[in-house]
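The structure under discussion appears below in the form of structure tokens.
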Amino acid sequence: AQKITQTQPGMFVQEKEAVTLDCTYDTSDPSYGLFWYKQPSSGEMIFLIYQGSYDQQNATEGRYSLNFQKARKSANLVISASQLGDSAMYFCAMREGPTNFGNEKLTFGTGTRLTIIP
Amino acid sequence: GAGVSQSPSNKVTEKGKDVELRCDPISGHTALYWYRQSLGQGLEFLIYFQGNSAPDKSGLPSDRFSAERTGGSVSTLTIQRTQQEDSAVYLCASSSQGSSGRRGPTDTQYFGPGTRLTVL
């Protein structure tokens with residue numbers, strides 16, 4: 001089974017509208033972290049936002065927020081007031097494992113290509 | 001401050017040749033990671049370093065792949081006898097994950113710009 005599932009290969013959104021990028025995950029470990037990265041055409045992976053499995057509140061970073069629904073194992077990224085510069089690939093990733101180092105790798109989804117239309 | 005740097009940015013090689021890819025992590029970051037992104041695919045974990053040791057090498061696809069890290073800083077990923085299927089973007093990341101094993105935003109992985117490897 002896929003550990004990270006992103007079901008939207010591509011999305012087109014009008015500028016200034018809000019957009020939700022879906023991510024579901026699968027793990028039996030109670031301790032995990034969820035990350036969203038942005039990859040523009042330049043290729044560099046840019047960290048956007050993090051949600052820990054024990055965090056009580058949804059993470060927010062500027063225009064980015066994470067809609068964390070633990071029981072449903074979903075961690076959707078919400079971008080408010082989208083801008084042309086938001087056009088990029090977006091990856092959801094998970095780090096799972098106990099608190100000791102040695103289980104640090106990130107497992108990535110296949111990504112969603114977001115295009116903002118002027 | 002300076003981010004993760006990787007060199008070369010592009011590498012074209014012939015099948016059967018060896019290549020070395022270099023990664024300079026963010027200063028002070030103890031953890032270093034290598035990933036591979038093939039065309040049309042997501043990112044695939046290769047290896048993880050904590051200091052100079054590699055607790056997790058589970059993602060290395062074959063014994064042609066090896067990596068080392070010296071001085072707790074620079075890392076080199078070596079691919080021997082390259083094959084066409086090795087063509088991909090190789091991404092390096094680092095984090096400030098400490099030996100205490102504390103988790104949280106401090107273990108966020110920050111990525112370099114990648115090395116695009118093309119094997120002809």
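Values below: all heavy atoms of this structure, side chains included; hydrogens, waters and symmetry mates excluded. Residue numbers start from 1 in every chain, and the chains themselves are labelled A, B, ... in the order their sequence lines are given, proteins ahead of strands. These numbers were taken from a predicted model, which means no experiment stands behind them.
When M45(A), Q6(A), Q39(A) are compared by the number of non-hydrogen pairs under 4.5 Å with chain B, M45(A) comes out ahead.
In this structure the side chain of Y50(A) never reaches within 4.5 angstrom of the side chain of L48(A), judged on heavy atoms. Within the 4.5 Å cutoff, side-chain heavy atoms of S75(B) are placed close to those of F49(B).
Residue L43(B) touches chain A through both its backbone and its side chain, counting heavy-atom pairs closer than 4.5 Å. Using a 4.5 Å cut-off between heavy atoms, Y37(A) contacts chain B through its side chain alone, with no backbone atom that close. Of the atoms belonging to E44(B), not a single heavy atom falls under 4.5 Å from chain A.
The closest side-chain donor-acceptor pair between Q50(B) and Y48(B) falls under 3.5 angstrom.
Salt-bridge annotation for R63(A) and D86(A): present, with a side-chain N of the basic residue lying under 4.0 Å from a carboxylate O of the acidic one.
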